[in-house]
Protein chains: 2
Amino acid sequence: MDYRFASRFDGITGSAIRAIFSLLADPKIISFAGGNPSPATFPKEDLAKMAEKLISEQGDSVLQYGGTIGRASALNTVKELLAKEGYDAKDGELITLTGSSQGIEMMTKVFINPGDTVLVEAPTFLGALQTFNTYQANLVEVEMDEQGILPDALEKALAETNAKFLYTIPTFQNPTGRTLPLERRKQVYELCKKYNCIVLEDDPYMALRYEGEAVPGIKSFDPENEVVVKLLSFSKTISPGLRMGAAYANPAIIHKFNLAKQGIDVHTPNLTQDLVAEYIGAGLYEERIGKNCDLYRDKCALMFEEAQKHFPEGTKLVRPEGGMFIWAELPEEYNCTELFKTAVEAGVAYVPGTHFYAHGGHHNTLRLNFTMVSEEKIREGMARLGKVFTNAK
Amino acid sequence: MDYRFASRFDGITGSAIRAIFSLLADPKIISFAGGNPSPATFPKEDLAKMAEKLISEQGDSVLQYGGTIGRASALNTVKELLAKEGYDAKDGELITLTGSSQGIEMMTKVFINPGDTVLVEAPTFLGALQTFNTYQANLVEVEMDEQGILPDALEKALAETNAKFLYTIPTFQNPTGRTLPLERRKQVYELCKKYNCIVLEDDPYMALRYEGEAVPGIKSFDPENEVVVKLLSFSKTISPGLRMGAAYANPAIIHKFNLAKQGIDVHTPNLTQDLVAEYIGAGLYEERIGKNCDLYRDKCALMFEEAQKHFPEGTKLVRPEGGMFIWAELPEEYNCTELFKTAVEAGVAYVPGTHFYAHGGHHNTLRLNFTMVSEEKIREGMARLGKVFTNAK
């Protein structure tokens, strides 16, 4: 039989990254390639008890079909979390998601006709790039510096493209760890509003701050809830396996998300929604986040120091104040995409930076993750990696 | 701000059915409009204990990111269930879904360019129609009789349209309760193969058989696993709120589903996958299904009898051997779409049949659900409904 797949999948293979992740299971390889939180941060005992209680006491409702928009428990919890950030989210402005990246899928499905432009940071989250490609979006990269998106570059892109939305991870960005300063956030909001371009603000790492002051979201400049669609994730603060997230946006957009989600999964499982609500409602969330930060802080600092020590002269590094990643830009002559094979042979893995660019290139960059590895392995792995680069010269 | 939504949402409002379902909360109305299983069938105590155990003992893995294709626990369970139906599903031929209707979304995303044809039963599941519309499919209805799809009508549609796939619910169909006989299943397979048209076989009601002999799936004629994509649901046999389903198809199709699902939700929550696997692995599944059938059997028979007793002369009814619905085709002069308001005023609700047709019309039809109501309410509600129709004459 001749399978006539839709043209939106032309050229989408997903194989490069999958090949990398399949290596992570080999215990001989020290992997900095992942993007997982440490299982040591998972509140197993609390969630186990809560799941038992929720199903046995509220099973008639937990196990039944639910509304597409989400459980009252979860929506109220999200409202309260948003209130702590100064947001006054109302009914009809929220929807729960089966993981916050579902919000990227829905945003694209709801707004993008083939050929429509999405502005993306260069580099950015590769899962988002793949989603945009499956809707045949025209991807236009916005240049960044060490602090994130450059407002001038953004205005140029907006003026030239009639883009429908900008996708941005403003805090401890994936893959660069960069955080956009407050003044630029305001500029991003104002420029996008001026050019009728929505801002899709994805902030899953925001809570993982190890030092410095929290920066209000781009959403904070949008009290009319008009320009910014804000995604909330619980994957890095409670558990990614529960797949629970939410979106906060204008009611007209949430209404379309609701229609899109009816096909995607009807609704997010009630049990995972209620578990997140129950856990946060029990007052365990902030304390847990503090402990997670304590666990990650030293690893982040250590990996940064080891990169400074072992990576070639001329390597550009930005020390992140939080998140899960260290980004390195080596001198032009290093090809981290080709050196990946050598690194794996030397027993260490990373993600070549090229995968995070909408149009590839940038082979002298790489992303390193520190949340899943011990300090001992960070030392050993970074030394191995330094040797790979030294030998490559 | 001017929201420039994608054209795929033009004309999609979802409001007609939502308005109906919002009435279900009113305790004064006897609702035959739903499509929910009875909460009395939910295995609350078993699932509560299993959830507690899974999270506390395997939390490092249950709460972590998982693979898009699904948990080994769930995939193996699905394999074993398929083996009982005579299917030899191999690795790479299965993927877990966040509810089986996610398989309809993925099938459409993976195969349909705007304007491509999907063949649908007339009438069919309205959620599927909405999904097809959000991908701008050209929907072509295939005529049915009391036993389901008419092979001659199918061949005519195949010859005329170059359709990419046929969507069919062969057993206790939603909304009609009809079951396609074995010989016709074979014909559906052969015709679709001849015309290079995939069969999307959605069978969520299959296990709810109250009488008669089980009929092998259309998939049973496809040992090469080439033509038929089979969806499996646990919503009507364990719990819909867990949102757990699976797809069984050719590896080339599963590969594309995997890519599509990475954007949709990365993976189905591990906890709900493991819960379904654990529950079935404990040997509780068949026994539970038997009890569910015992609960529904008499309600189904009663509602059918009451329809025969109270509905106008000339009403066409088919007694279903299972499932959740009774379908009625009243004489042409009755407009069930308009009479819906009168019925609600009389304290009884149904779904007007027109919503289940890709192109509307058929206003003399309606769908009734019996799983959520007591026998007493079935008697009272059907009498009320009979009066609405009598008065309308």
Side-chain angles (χ1 to χ4, degrees), chain A residues 1-9 12 14 36 39 42 44-45 47-49 51-52 55-56 59-60 62-66 98-99 101-102 104-105 109-113 127 130-131 134 164 193 196 226-227 239-243 252-253 256 259-260 262-267 269-272, chain B residues 1-9 12 14 36 39 42 44-45 47-49 51-52 55-56 59-60 62-66 98-99 101-102 104-105 109-113 127 130-131 134 164 193 196 226-227 239-243 252-253 256 259-260 262-267 269-272:
Chain A
M1 201 157 175
D2 161 36
Y3 295 131
R4 296 167 290 162
F5 294 116
S7 48
R8 64 174 63 85
F9 278 89
I12 295 177
N36 291 4
F42 300 155
K44 291 188 279 282
E45 294 312 315
L47 291 177
K49 273 182 232 146
E52 197 281 335
I55 300 175
S56 64
D60 283 359
V62 169
L63 299 176
Q64 187 56 282
Y65 280 112
T98 310
S101 62
Q102 187 172 77
I104 303 170
E105 173 87 13
K109 183 168 186 184
V110 161
F111 279 98
I112 300 301
N113 291 318
Q130 181 166 310
T131 298
T134 66
K164 281 198 167 168
K193 183 175 166 122
N196 197 41
E226 191 186 29
V227 178
S239 148
L242 292 178
R243 313 297 312 121
I253 296 174
K256 296 282 189 209
L259 293 174
Q262 287 170 27
I264 284 171
D265 58 15
V266 186
H267 64 84
N270 299 328
L271 178 58
T272 54
Chain B
M1 200 158 176
D2 161 35
Y3 295 130
R4 296 167 290 162
F5 294 116
S7 48
R8 64 174 64 85
F9 277 88
I12 295 177
N36 291 4
F42 299 155
K44 291 189 279 281
E45 295 312 316
L47 291 177
K49 272 182 235 147
E52 197 280 335
I55 300 175
S56 64
D60 283 359
V62 169
L63 299 175
Q64 186 57 281
Y65 280 112
T98 311
S101 64
Q102 187 172 76
I104 304 171
E105 173 86 12
K109 184 168 186 184
V110 160
F111 280 98
I112 299 301
N113 291 319
Q130 181 166 309
T131 298
T134 66
K164 281 198 168 169
K193 184 177 165 116
N196 196 40
E226 192 186 30
V227 178
S239 148
L242 292 178
R243 313 298 313 120
I253 297 174
K256 296 281 190 211
L259 292 174
Q262 287 171 27
I264 284 171
D265 58 16
V266 186
H267 64 85
N270 299 327
L271 177 59
T272 54

- Can you tell which part of A:Ile12 gets under 4.5 Å to a heavy atom of chain B, answering side chain, backbone, both or neither?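 Both backbone and side chain of A:Ile12 come within 4.5 Å of chain B.
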Okay, A:Ser56 and chain B: the region with an atom under 4.5 Å from a heavy atom over there is both
Within the structure provided, determine whether B:Tyr3 and A:Glu226 are in side-chain contact (heavy-atom separation under 4.5 Å).
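A side-chain contact exists here, since the closest heavy-atom pair is under 4.5 Å.
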Exercise. Any chance you could measure A:Asn270, atom CG, to B:Ser239, atom OG, to the nearest 0.5 Å?
Key: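 Rounded to the nearest 0.5 Å, the CG-OG separation comes out at 7.5 Å.
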* To the nearest 0.5 angstrom, please state how far the CZ atom of A:Arg243 sits from the OH atom of B:Tyr65. =>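 Rounded to the nearest 0.5 Å, the CZ-OH separation comes out at 5.5 Å.
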Is B:Thr134 in contact with chain A via its backbone, its side chain, both, or neither, using a 4.5 Å heavy-atom distance?
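Both parts, backbone and side chain.
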Among [options], which residue forms the greatest number of heavy-atom pairs with chain A at distances under 4.5 Å?
options                             : result
B:Leu63, B:Asn113, B:Ile253         : B:Leu63
B:Gly99, B:Gly59, B:Gly241          : B:Gly241
B:Arg8, B:Gln130, B:Glu45, B:Gln102 : B:Arg8
B:Pro39, B:Pro269, B:Ser101         : B:Pro269
B:Ala51, B:Gly127, B:Ser7           : B:Ser7

Closest-packed option against chain B by number of heavy-atom pairs under 4.5 Å, given [options]:
options                               : answer
A:Ile104, A:Ile112, A:Val62           : A:Ile112
A:Lys44, A:Lys193, A:Glu105, A:Gln64  : A:Gln64
A:Leu47, A:Val110, A:Val266, A:Asn196 : A:Asn196

Are the side chain of A:Glu52 and the backbone N or O of B:Lys49 linked by a donor-acceptor pair below 3.5 Å? no
Exercise. Ring pair (Phe, Tyr, Trp, His ring centres under 6.0 Å) with A:Phe42: which residues, sequence neighbours excluded?
Worked result: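 Partners of A:Phe42 by the ring pair (Phe, Tyr, Trp, His ring centres under 6.0 Å) criterion come out as none, since no residue qualifies.
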